[in-house]
Amino acid sequence: MQKPFPPVYYSDYLKLDQLLSAQWPKSDEYNMHAHDEMLFIIVHQAYELWFKQILHELHSVAECFEKKSVDEKNIGVAVARLQRVTEIQKLLIDQLRILETMTPLDFLDFRDILMPASGFQSVQFRLIENLLGLKPAQRKMYNQFAYHTRLSKEHQELIRKSEEAVSLFDLVEKWLERTPFLEFKHFNFWNSYKAAVDKMLDNDRKVIQTHSGLSDNEKNEQIKQLEKTRENFEAVFDASKHEQLVKEGFRRLSHRATQAALLICLYRDQPILHLPFKFLTALIDIDELFTTWRYRHTLMVHRMIGTKIGTGGSSGHDYLRITTEQHKVFTDLFNLSTFLIPRSALPKLPDDIEKNLGFYYGQK
Ligand code: HEM
């Protein structure tokens with residue numbers, strides 16, 4: 001029987017000749033062989049391969065969400081792909097341990113030859129950040145220069161385009177704003193939820209005021225904190241308060257999208273909301289794992305070069321420490337937990353709404 005396709009040879013298929021001949025230690029070029037430079041190159045190349053895979057997954061997720069209406073099947077696919085990204089991220093965090101088998105003294109054998117190259121110039125890393133939705137204005141300046149100034153003209157153009165393109169953050173926001181279950185017709189969900197929140201906060205206040213283990217000062221402090229929480233809740237109900245917080249930079253997600261995301265989290269036990277909940281959770285996971293990677297990389301840089309400036313010319317460890325805090329994208333999704341109330345206090349949905357949110361297979 002004739003085979004339908006010509007045979008494939010492993011090495012050709014994977015272009016191993018190209019891949020395995022792409023390691024050129026600079027220290028050899030200058031006749032000052034440094035054993036660990038091979039590890040340094042391979043670890044960075046492995047990162048770039050995984051970055052390529054992450055971009056492949058994130059672009060496909062963005063494509064699903066570019067459609068006017070995102071069907072349930074696509075959310076399932078998006079969740080699976082985002083979860084693949086998180087598995088890769090865990091590997092990327094672990095991979096730093098391999099690089100740390102190189103000691104700071106080993107690194108010094110070839111570090112100076114690398115100037116001014118740096119992971120700072122990783123274009124794919126920037127494309128990932130921009131595709132997720134990191135805003136240019138949010139970035140920590142690099143010696144008062146924008147993050148792309150150290151790149152070639154061609155790479156700067158790529159980055160500029162990615163800044164202008166629609167990000168995953170934008171797409172998720174639009175998708176949340178379109179969610180139909182915000183309209184409850186005859187049932188005023190937000191009034192019922194507000195009553196439940198007021199009851200919960202009044203109860204918290206009572207607990208603080210009657211707590212025998214707290215001094216008057218401690219009670220006053222805790223009541224002040226509680227009032228801040230109440231103010232935070234008010235923005236959930238009042239669009240103009242929310243938009244004011246957006247203007248001041250305390251919130252990014254629109255009011256309608258925030259309400260939808262909150263509903264998904266509150267009623268995630270309803271079958272139809274399972275997948276949207278998993279999707280939002282996967283975005284939080286991705287943000288958390290990038291933050292973890294950044295922090296882990298910062299620690300490695302500290303032990304590797306102390307407080308010296310980086311090969312790329314930044315303040316090194318200090319610059320990186322700040323990006324860890326400042327370069328998160330889905331902070332608003334993390335903050336949703338502020339507005340969760342116990343299941344037992346959740347307003348009970350009317351039967352017809354609950355039915356619409358459930359799957360009733362086999363029902364006539
Ligand atoms: C010996 C190991 C390493 C050292 C000492 C190191 C050091 C640094 C330093 C000092 C910076 C700040 C920019 C600069 O001034 O150069 C930086 C940025 C960066 N490095 Fe590394 N790095 C190492 C390994 C890696 C690896 C394995 C990767 C994986 C791709 C990586 C990716 C990055 C990225 C993406 C940035 C930009 C971070 C940002 O701007 O948010 N680095 N690195």
Side-chain angles (χ1 to χ4, degrees), residues 22-23 25-27 34-55 88-151 155-156 158-159 162-163 286-287 289-329:
Q23 292 73 37
K26 280 273 164 206
S27 58
H35 176 85
D36 283 9
E37 195 183 348
M38 183 61 87
L39 175 77
F40 188 81
I41 292 173
I42 287 182
V43 167
H44 278 84
Q45 288 179 337
Y47 265 101
E48 291 294 337
L49 282 175
W50 284 122
F51 289 163
K52 183 169 181 170
Q53 185 67 36
I54 290 177
L55 281 167
I88 296 172
Q89 288 179 292
K90 290 176 201 164
L91 188 77
L92 295 185
I93 293 166
D94 254 9
Q95 207 168 257
L96 289 177
R97 294 173 54 190
I98 305 178
L99 195 53
E100 281 174 341
T101 61
M102 171 179 81
T103 67
L105 210 58
D106 297 328
F107 185 39
L108 276 181
D109 286 343
F110 61 95
R111 178 177 187 253
D112 286 351
I113 317 175
L114 307 181
M115 308 257 185
S118 163
F120 190 76
Q121 293 166 324
S122 168
V123 172
Q124 293 200 102
F125 187 78
R126 301 309 181 199
L127 293 178
I128 293 172
E129 289 179 327
N130 291 344
L131 178 54
L132 285 173
L134 183 63
K135 289 191 296 187
Q138 192 188 334
R139 287 183 182 275
K140 161 84 184 137
M141 290 291 266
Y142 174 75
N143 295 344
Q144 268 133 44
F145 293 110
Y147 69 105
H148 46 67
T149 43
R150 292 283 178 136
L151 297 177
H155 285 156
Q156 286 191 18
L158 255 177
I159 299 293
S162 76
E163 277 180 358
I286 288 183
D287 220 15
L289 285 161
F290 268 122
T291 305
T292 308
W293 182 84
R294 282 198 176 91
Y295 185 61
R296 191 57 191 78
H297 170 259
T298 306
L299 282 179
M300 180 193 67
V301 170
H302 197 182
R303 76 187 267 178
M304 212 57 95
I305 64 169
T307 54
K308 287 183 195 137
I309 60 163
T311 48
S314 79
S315 57
H317 164 255
D318 261 0
Y319 161 81
L320 293 167
R321 197 176 38 77
I322 296 168
T323 63
T324 302
E325 257 316 299
Q326 218 167 287
H327 290 187
K328 294 174 186 154
V329 176

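What you see is a predicted model, and the numbers here were worked out from it, not measured in a lab. In each ligand, atom 1 is the first atom listed, and ligand 1 is the first ligand listed.
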Please state which protein non-hydrogen atom is closest to [atom] and give its distance, to 0.1 Å?
| atom | value |
| --- | --- |
| atom 5 (C) of ligand 1 | F107 CE2, 3.6 Å |
| atom 7 (C) of ligand 1 | V301 CG2, 3.3 Å |
| atom 34 (C) of ligand 1 | G119 O, 3.3 Å |
| atom 10 (C) of ligand 1 | G310 CA, 3.4 Å |
| atom 40 (O) of ligand 1 | Y319 OH, 2.6 Å |
| atom 13 (C) of ligand 1 | S314 OG, 3.3 Å |
| atom 9 (C) of ligand 1 | L320 CD1, 3.8 Å |

| said: I'd like the name of whichever of Q326, Q121, M102, H297 reaches closest to atom 43 (N) of ligand 1 through any heavy atom. | reply: H297
| said: Is the terminal nitrogen or CZ of R126 (NZ for Lys, CZ for Arg) located under 6.0 angstrom from the six-membered ring centre of F120 and within 45° of that ring's axis? | reply: yes
If you take all heavy atoms of [X] and [Y], which pair is closest and at what distance?
| X | Y | answer |
| --- | --- | --- |
| T101 | D106 | O-OD2, 4.4 Å |
| L127 | L158 | CD2-O, 4.1 Å |
| L92 | F51 | CD1-CE2, 3.9 Å |
| R111 | I305 | NE-CG2, 3.6 Å |
| L320 | V301 | CD1-CG2, 3.7 Å |
| H317 | G306 | CB-O, 4.0 Å |

Give the numbers and elements of all ligand 1 atoms closer than 4.0 Å to a heavy atom of [X].
| X | answer |
| --- | --- |
| S118 | 13 (C), 14 (C), 16 (O), 17 (C) |
| G316 | 10 (C) |
| H44 | 24 (C), 25 (C), 26 (C), 27 (C), 28 (C), 42 (N) |
| M300 | 2 (C), 3 (C), 23 (C), 24 (C) |
| F40 | 1 (C), 2 (C) |
| M304 | 1 (C) |

Compute the minimum heavy-atom distance from [X] to ligand 1 and say whether it is under 4.0 Å.
| X | answer |
| --- | --- |
| W293 | yes |
| R303 | no |
| H317 | no |

| remark: Short version for L99: what comes under 4.0 Å of ligand 1, heavy atoms counted, is side chain
| Under a 4.0 Å heavy-atom limit, does F125 contact ligand 1 with its side chain, its backbone, both, or neither? | side chain
Output the distance between atom [atom1] ([X]) and atom [atom2] ([Y]), rounded to the nearest 0.5 Å.
| X | Y | atom1 | atom2 | value |
| --- | --- | --- | --- | --- |
| I128 | L134 | CD1 | CG | 12.0 Å |
| K328 | Q138 | NZ | CD | 10.5 Å |
| Q89 | I54 | CD | CD1 | 5.5 Å |

| Would you say E129 and ligand 1 have an N/O pair spaced under 3.5 Å apart? | no
| query | Less than 3.5 Å between some nitrogen or oxygen of R126 and one of ligand 1, yes or no? | reply | yes
| query | What do the steps show when you test K26 against E37 for salt bridge (Lys or Arg N to Asp or Glu O under 4.0 Å), and what is the final call? | reply | CA-CA 8 Å; K26 280 273 164 206; E37 195 183 348; over 6 Å; no
| field | Q23 and Q45: side chain donor to acceptor below 3.5 Å | value | yes
| query | Taking atom CZ of F125 as the centre, does the number of heavy atoms from other residues, nucleotides or ligands within less than 6.0 Å exceed 12? | reply | yes
